[in-house]
Structures are given as structure tokens and as C-alpha cells.
Amino acid sequence: EPKKSRGAPEAREEAKARKKELQKKLSTLSERIKDLRENEQNEEAEALQRQALAVQRKQLGEDNRQVGTSLNNLATILYRKGQYSEAEKLQRQAIAIYQKSLKPEHWMIQRSRSHLGDCLGKLKRYREAEEQLLAACAGLKIARGERHALTRKAAGRLIELYEAWGKSDQAASYSTILQSKDTTSTAWKNPRTDKEGGKSRAVKIRDFPPNLRACKAGGEVISPQTEQKSVQGWKRCQIRAIASGPVGKALAASLPARQP
């Protein structure tokens, strides 16, 4: 008697279970790699990052965005080890993958361009490095704001590049970005509860929804009650945040018009 083939619902459930198990494994690897990088254990971090990359390529495909992120992370490890040529190749691969699924101005593309420019600078390919870093700095200003840590890092790399290149005048024009306050370290009070930890947590500006509305420019309260747009759709959420002076004005200036 021939075997009965499994039904579509059963096959879907098995696929979902495999995907969940894969994500759990990758999440564990990612946390371990992060710890190793923070402790400057680059050899161990590289080995685990290569392991994670191999799993992602096999299970998710070469063009998956997570593969691009792993390539970016591996490149940063190799950069720390002084392997700039290899790091450059990996960053180019990451950018190529990101460009297949993300808009050109997306911050992940600009982040990798910033890293790529840094690698090229270390290889003394100054003109190529300048091209990548200028594009990254401009892109991150738009995507994340001038005061964001990623924008500040790109500006810092430009300054370092120009100083190594003997162009100190051009380096000075980017020093104002580094002198401004880093908004990614500014905490916000958030009444929402962290479901996993069961505790309320502070939200940083980078976590704040980009589409805040009903904001008083330069005032103390920014959107005490609003909606948050996500890829799943509109969700109601209660947000209370305090900002003052230039921070509030900067946020207010970036807000889109209220949607009906």
C-alpha cells in the first residue's frame, strides 16, 4: 500500500518549526559572538561568525538579508584583526545583498558603505574611501539623523581619512557632527512593559517611531498619545516622551504630515 503524502497544513507546520529552531540557533550564536567581540576575542568570534554564515547560506540562501548582516559582522571582525583586504571584499558582498532587497538610502546599506570606506582608507586607497564615506555620511544623515551614532562614526572616519590624506581643512568641516550630542544615548521614559522581562524599559531615540505626530516643536511633551506604524500595520500604543531644546526641535522638524 503506497505511503500517504503529508497534507499541506502539516508540511507548513513542520517548515515553521524548522525555521523557529534555526532562528533560535542563530540567535544563540549571535549572542555568543557579541560577547566574544566585546571581550576582543576575535579569533573565537571569527570562527563562530563563519559558522553562523555557513548555516545561513545553506538554510536561507545566498541573497538573504541575514547573510548580508553576517558578512558585515565578519568583515568588522577581520578589520579588527588588520585584515583590511578581506574585510573590503566581505563588505562589498554585504552591500550587493542588501541592494537586492532594500532601498538605496536604507541605513544598513549606508552602514556597510561606512565600514567599506574605512577599510579602503586603511589600504591607502583614499579617493575610493572618500567616495564611500561621503555617500555613507550623507545617507545616514537622512536615514538616522546627524546626531545618530552611525552618522557620527561615518563622520569620524571621514576626519581620520582626511587627516591621513593630509587634507586637514576638509577634516575640520565634519568635526561639528562629532561635537554635537549623540542622541542615541538619550533615554526616554516608556510606560509600555517588556513582555519578556516583565519590566518597563527605557527607550532610546533610535527606538522611537519615525512617524511621531502631534508634536510640539521645542516643547516638553512629544506625542503623549499616538499611533505607531509598523510593517504589520497600524497599532495603537501609548507613548510619553520628554524632550527639550534642540532635541525636540530636531525631532519635530523630521515629522511627516499627519495621515488621515
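Values reported hereafter were calculated over all heavy atoms of this structure, with side chains retained and with hydrogens, waters and symmetry mates removed.
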Return the set of residues passing side-chain hydrogen bond (donor to acceptor under 3.5 Å, both in side chains) with [X] (not counting sequence neighbours), or none when no residue passes.
X: Glu105; result: none
X: Glu130; result: Tyr162
X: Ser70; result: Gln49, Gln56
X: Arg125; result: Glu88, Glu128

Check: If you take all heavy atoms of Arg113 and Glu131, which pair is closest and at what distance?
Finding: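 The pair with the smallest heavy-atom distance is NH2-O, 4.4 Å.
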
Scan [range] for pairs that pass ring-ring contact (aromatic ring centres under 6.0 Å, His included), counting only residues two or more places apart or in two chains.
range: residues 117-145; result: Tyr126-Trp165
range: residues 69-91; result: Tyr79-Tyr84
range: residues 12-39; result: none

To the nearest 0.5 Å, how far apart are [atom1] in [X] and [atom2] in [Y]?
X: Lys100; Y: Asp63; atom1: NZ; atom2: CG; answer: 3.5 Å
X: Ser30; Y: Gln23; atom1: OG; atom2: CD; answer: 10.5 Å
X: Leu26; Y: Gln59; atom1: CG; atom2: CD; answer: 8.5 Å
X: Leu158; Y: Leu133; atom1: CG; atom2: CG; answer: 4.5 Å
X: Ser112; Y: Asn72; atom1: OG; atom2: CG; answer: 4.0 Å
X: Gln132; Y: His115; atom1: CD; atom2: NE2; answer: 13.0 Å

Checklist line | Co-members of the apolar cluster containing Ile142 [side chain, <4.5 Å] | finding: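 Cluster partners of Ile142: none, it stands alone.
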
Next item on the list: Check which hydrophobic residues are tied to Ile97 through side-chain heavy-atom contacts below 4.5 Å, counting indirect links as well, and list them.
Entry: Leu53, Val67, Leu71, Leu74, Leu78, Leu90

Check: Should we say atom CD of Glu38 is surrounded by more than 12 heavy atoms from elsewhere, each under 6.0 Å from it?
Finding: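 Correct, the count exceeds 12.
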
Checklist line | Within 6.0 Å of NZ in Lys167, more than 12 heavy atoms from elsewhere | finding: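 Counting other residues, nucleotides and ligands, NZ of Lys167 exceeds 12 neighbours.
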
With a 4.5 Å cut-off on side-chain heavy atoms, are [Y] and [X] touching?
X: Gln99; Y: His106; result: no
X: Ser114; Y: Arg157; result: yes
X: Lys153; Y: Leu140; result: no
X: Glu163; Y: Gln170; result: no
X: Tyr98; Y: Arg111; result: yes

Margin query: side chain to side chain contact (heavy atoms under 4.5 Å, CB included) for Leu48 and Gln51? Distances and angles first, verdict last.
Written below: CA-CA 5 Å; Leu48 281 184; Gln51 181 183 334; 3.5 Å; yes

Item checked: salt bridge (charged side-chain N to carboxylate O under 4.0 Å, His left out) involving Lys122 - partner list, sequence neighbours excluded ->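 For Lys122, the residues satisfying salt bridge (charged side-chain N to carboxylate O under 4.0 Å, His left out) (neighbours in sequence not counted) are Glu160.
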
Note to self: Test of understanding: with salt bridge (charged side-chain N to carboxylate O under 4.0 Å, His left out), list the residues that count as partners of Arg37, not counting sequence neighbours.
What the structure shows: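 Applying salt bridge (charged side-chain N to carboxylate O under 4.0 Å, His left out) to Arg37 gives none.
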
Check: Under the salt bridge (charged side-chain N to carboxylate O under 4.0 Å, His left out) rule, what pairs show up with a residue in residues 44-54, not counting sequence neighbours?
Finding: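 Applying salt bridge (charged side-chain N to carboxylate O under 4.0 Å, His left out) to every pair that reaches into residues 44-54, excluding sequence neighbours, yields Glu46-Arg50, Glu46-Lys81.
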
Margin query: Taking Gln41's backbone N and O only, do any of them form a donor-acceptor pair with Asn39's side chain (distance below 3.5 Å, no angle check)?
Written below: no

Next item on the list: Examine distances only and state if a side-chain atom of Thr76 and a backbone atom of Asn73 form a donor-acceptor pair shorter than 3.5 Å.
Entry: yes

Next item on the list: Check the hydrophobic clustering (I, L, V, M, F, W, Y; side-chain heavy atoms under 4.5 Å; chains of links allowed) and say if Leu60 and Leu102 are grouped together.
Entry: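 No; tracing contacts between hydrophobic side chains, which count when under 4.5 Å, never links both residues.
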
